[in-house]
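Have a look at the structure below before the remarks.
Below, read A as the first sequence line, B as the second, and so on, with proteins coming before strands; counting in each chain starts at 1. Computed over heavy atoms, backbone and side chain alike; hydrogens, waters and symmetry mates excluded.
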Amino acid sequence: MTTALAESSLSSARSQSMLDRLRAIVGKDGILADREDLLVYECDGYVVEKKCPDIVVFPTSTEQVVEVVKLCNEYQIPFVPRGAGTSLAGGCLPIGGGLMIALTRMKRILEINLRDRYAIVEPGLVNVHLTQALKGTGYHYAPDPSSQGACTIGGNFATNSGGPHTLKYGVTVNHVMGAEVVLPDGSIAQLGGTVEDVPGYDLTGLFVGNEGTLGICTKVIVKLTRDPAAYRTMLGVFETVTDATRAISEIIGAGIVPAALEMMDQGIVSALEQAFHFGFPLDAGAVLLIEVDGLEVAVDDEAQRIIALCKQTGAREVRQANTPKERQLLWKCRKQAFGAIGRLSPSYCTQDGVVPRTKLPEILEFITACGLRHDLRIVNVFHAGDGNIHPILLFDERNAEQVARVLLASDEILGKCIELGGSVTGEHGIGVEKISFMNKLFSPEDLAVMSLIRDCFNPKGLCSPGKMLPTSAGCGNEHVPKIKPGRRAAM
Amino acid sequence: MSMSRRSSRADALPCNGHSFQSFLQLKQIASRRNYGLSALEFTPATQLELSRYVAENAQTERRTLCPVGGRTALHFGFSAPEPGVLVSMSQLNRLVDYPARDMTITVEAGMRIIDLQRTLAEQRQQLPIDIAQAERATVGGALATNTSGPRRFGHGTFRDYVIGISAIDAEGRLFKAGGRVVKNVAGYDICKLLVGSRGTLGILTQVTLKLRPLPETSAQLWMTVDSFTEIEDRLQRLLTSQVRPNAVEVLNPAAAALIVASARCELPTNAPVLCVGVEGSRREVDWQLDVLTQELTSIGVQECRQVRDHNADRIWESLTDFQTCADDPLTFEANLRPSQCMAFAERATQLGVAVQVHAGNGLVIGQLLDEAATIDHSTTILNELRPLARSQGGNLVVLHCDGEWKVRMPMCGDAEHSWPLMKQLKRKLDPQGLLNPGRFMDGAATA
């Protein structure tokens, strides 16, 4: 694989001619090239590593994306797509500089077809705007990342985003039927379609979660999901984290698939209580936010079974949300949990490990021990039903020695996830953050096949260089060394 | 390791008491014709053995490799241009890991579907994908052909359940993707790429699946309706029904008669049939059947019957096996937008085709009946139906037909926009073209 990173800092003459040509494509208002304007784009939700792109463009059509990508090929400079920049793994970091293609102005809903249950949207559409547009139709778009008020469907496509309700409804890939993609050479590919079972390989499935390394998606065809007929939302209050994780294990083990099953420990609960005054019990070791949905005739039975299992595993009490307003507030608390962490600590770093669900007690005990060992405070709020943990390591980034301990503890926790048969990322992606774990998760053969696939679509390596796949020595595709952990996030 | 000249295929046919046995024999003959008696067969006992064999083959003889499981889909695609080696996965059939409380299972690709389902049922769990000829079909084969059935409406397809995969590429390299946890975005999702790839990108050796609890019971509401137009009206009502069906099937009388006969049930088949499936606790099922009856029955519906318990199980099985069931010369599948299906079904009915529609998903399975048993007549019918499918971005593929007709039949459908890209990927992963030639675009012909 060749790379253009070395030449990516444009000479001023070349830079001027490229700027002129970019302006001709996207217009004067569609381009940023001044240092202070570019600062905003030096990182995404992963703030550890920073790099300013040389230029940011804001195309408004697929044709403009094509022209921009072709120009990057002509000038041999790297380019990276960006949506809302909510990635927690550095997915939008412009490694080697070059051009950033911000898709936030391509945000139209092109079609909603309820009879055939699909919608076609542009990549810059904010996730929640689609659900809002569908309000009252009886349908919704199921993937609901906690950042859904900001993150874009194109970004969700690129990272195969999850969210609390993916436990029952699946992640982004389970809801994408097709896409239009501008490939790294500037050609347009139409993948999948508005019909199911298009003959051929499932390239749509391959492209979802490609982290921008196979191309830039310019349209997404998503499935629409029927709204549940009824919900029951509960809050299980436990003395200890261990009791709460045992309850999770019992619920899943009993063959119940709740719509969502989220855990918050004492640290998070007290921060949330300060922020939202919901009435969370401050002395509880952990709470479980459990939602079941389905038919009105069935949800009460299922809720009762869950309450019984929680009581069996030592729940102090199980509260039910009695009104839609209470339910909404509970979910607001959960989804804004990260916003509340600012009350606990100046900086924090979130990890995204996954373990088999029965190993949750083990990994949480490990996390507690790890925190003690490294003298760090770690709090937990996560998608328990999927075994997808999000330990949040609290620290002060002005304290270099503490930062070093945070990095060490993070690596130990993710290493333990692998040891327990899990993965280092459930929904945030590898990005640049976890690239060093790829050869712990995968064999050289696995990575060789993945590299073949990348090189098939992205042979010059100009599109999102340095992401997801570790590069073999001598490729010149160096990635920025990890200096300090991320501090903000919203899953 | 066993390596033998294949003699007769009759011994491969298990006595399974299946109602479509004569049909299966026909399929055996068809596949023998496709593959020739001279093909070699190789039956590895371990992944490692297979990996070494494939690596050696890539270096030396460069024979084409055709992975086979239960041999239920050998008729897919075109005939192989040259006889190669049948790689039988029958001994790679072990249960690797079943942590039932995690609701995942890892099995080798050669495990029979029926053995998988029995293992899961002991824990009140299931892989909720309908797979025809479950006694013979294997996990790897079903996955490689992306098999599905009526319940795909409620439960999805293989791409929604495969969370980890191991395969051997054309060079003999054993590689994996995904893992054993239900949520995982590390690396490219090669699982999706291999689902439905018909053994052309790698030989599947091991699979990890996400599972679902078995529902307490299931049932169908079976109603005969005056016309396809009246059924379309019901399909539209179902879009905002209070009920959450797991299947929405439409059958023309010819297909309904075949399905009812094979299920040994007494149900009306003298008009187009709308068959809506539901599942859950007894209480949920009772409630849903009542509500569906209220929502759907009005002028236009002739008879409406509830199908419960064992009868329901048999109807599920027959609805699933229809795609492989007829003694007829040609089976096709059209993929359409759901809203196009009734017009398509009506035209196909006029042309004498037995038609099953997975109406919620827009998939139509057609069996051309005996009268059409010449290549010219079959071609005429398909030439009439294919443009209907193509008009809204759909397609039409032939799943099964006489081996000698294949050169004139749209075995893989019309070329899709992304086929050149797929060919590029195939060349990258299998540069010598050793893996299962003929199954996909490479043999494409037009009728």
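- With B/Y188 as the fixed residue, the side chain to side chain donor-acceptor pair (under 3.5 Å) test singles out one of A/N210, A/D446, A/T213: A/T213.
- Taking the six-membered ring for Trp, B/F440 and A/Y201 have ring centres closer than 6.0 Å.
- Under the 3.5 Å distance criterion, the side-chain polar atoms of A/R117 are left unmatched by any main-chain donor or acceptor of B/P338.
- For a residue to count as touching a neighbouring chain, one of its non-hydrogen atoms must lie under 4.5 Å from one of that chain's; by this rule B/R212 touches chain A with the side chain only.
- Formation of a donor-acceptor pair under 3.5 Å by the B/E284 side chain with backbone atoms of A/L295 is not found in this model.
- Between B/V185 and A/H428, the closest side-chain pair of non-hydrogen atoms is not below 4.5 Å.
- For B/T208, no part lies under 4.5 angstrom from a heavy atom of chain A.
- Side-chain contact between B/K183 and A/L167: absent, with no pair of heavy atoms (C-beta onward) separated by less than 4.5 Å.
- A/D197 has a carboxylate O that lies under 4.0 Å from a charged side-chain N of B/R152, or vice versa, which qualifies the two as a salt bridge.
- Within the 4.5 Å cutoff, side-chain heavy atoms of B/N335 are placed close to those of A/P199.
- In this structure, chain A has no heavy atom under 4.5 Å from any part of B/Q126.
- Using a cut-off of 4.0 Å between Lys/Arg side-chain N and Asp/Glu carboxylate O, A/E445 and B/K176 are scored as not salt-bridged.
- When each of B/L214, B/N395, B/T240 is scored by its heavy-atom pairs under 4.5 Å with chain A, the top score falls to B/T240.
- For B/E416, the part sitting under 4.5 Å from any heavy atom of chain A is the side chain, from C-beta outward, and nothing else.
- Of all heavy-atom pairs between B/M103 and A/I252, the closest is SD-O, 3.7 Å.
- With sequence neighbours excluded, no residue forms a side chain to side chain donor-acceptor pair (under 3.5 Å) with A/R357.
- With a 4.5 Å cut-off on non-hydrogen atoms, B/S281 does not touch chain A at all.
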List the steps and the verdict of side-chain contact (heavy atoms from CB on, under 4.5 Å) for A/V195 and B/Q392. CA-CA 9 Å; A/V195 294; B/Q392 295 274 340; 5.9 Å; no

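- Contact of B/L174 with chain A is made through the backbone alone, with heavy-atom distances under 4.5 Å.
- Contact check for B/L193 versus A/D202: no side-chain heavy atoms found under the 4.5 Å cut-off.
- B/R337 has no carboxylate O lying under 4.0 Å from a charged side-chain N of A/E196, or vice versa, which leaves the two without a salt bridge.
- To the nearest 0.5 Å, the span separating OG1 on A/T358 from CZ on B/R101 amounts to 8.0 Å.
- By the 4.5 Å heavy-atom criterion applied to side chains, B/L239 and A/L114 are not counted as neighbours.
- A salt bridge between A/K359 and B/D102 is absent, with no side-chain N of the basic residue lying under 4.0 Å from a carboxylate O of the acidic one.
- Counting only heavy atoms from C-beta outward, the side chains of A/L452 and B/L425 never approach each other to under 4.5 Å.
- Between the CG atom in A/D116 and the SG atom in B/C341 there is a gap of 8.5 Å [rounded to 0.5 Å].
- Of the charged side-chain nitrogens involved, none lies within less than 4.0 Å of a carboxylate oxygen, so that B/K428 and A/D455 do not count as a salt-bridged pair.
- Residue B/E333 touches chain A through its side chain alone, counting heavy-atom pairs closer than 4.5 Å.
- Counting heavy-atom pairs under 4.5 Å between each of B/V243, B/T104, B/L336 and chain A puts B/L336 at the top.
- The two atoms that bring B/A186 and A/L441 nearest to each other are CB-CD1, 3.5 Å, heavy atoms only.
- The minimum heavy-atom distance between B/M422 and A/L203, with the atom names listed, is CG-CD1, 3.8 Å.
- Looking at B/D189, both its backbone and its side chain come within 4.5 Å of chain A, counting heavy atoms on both sides.
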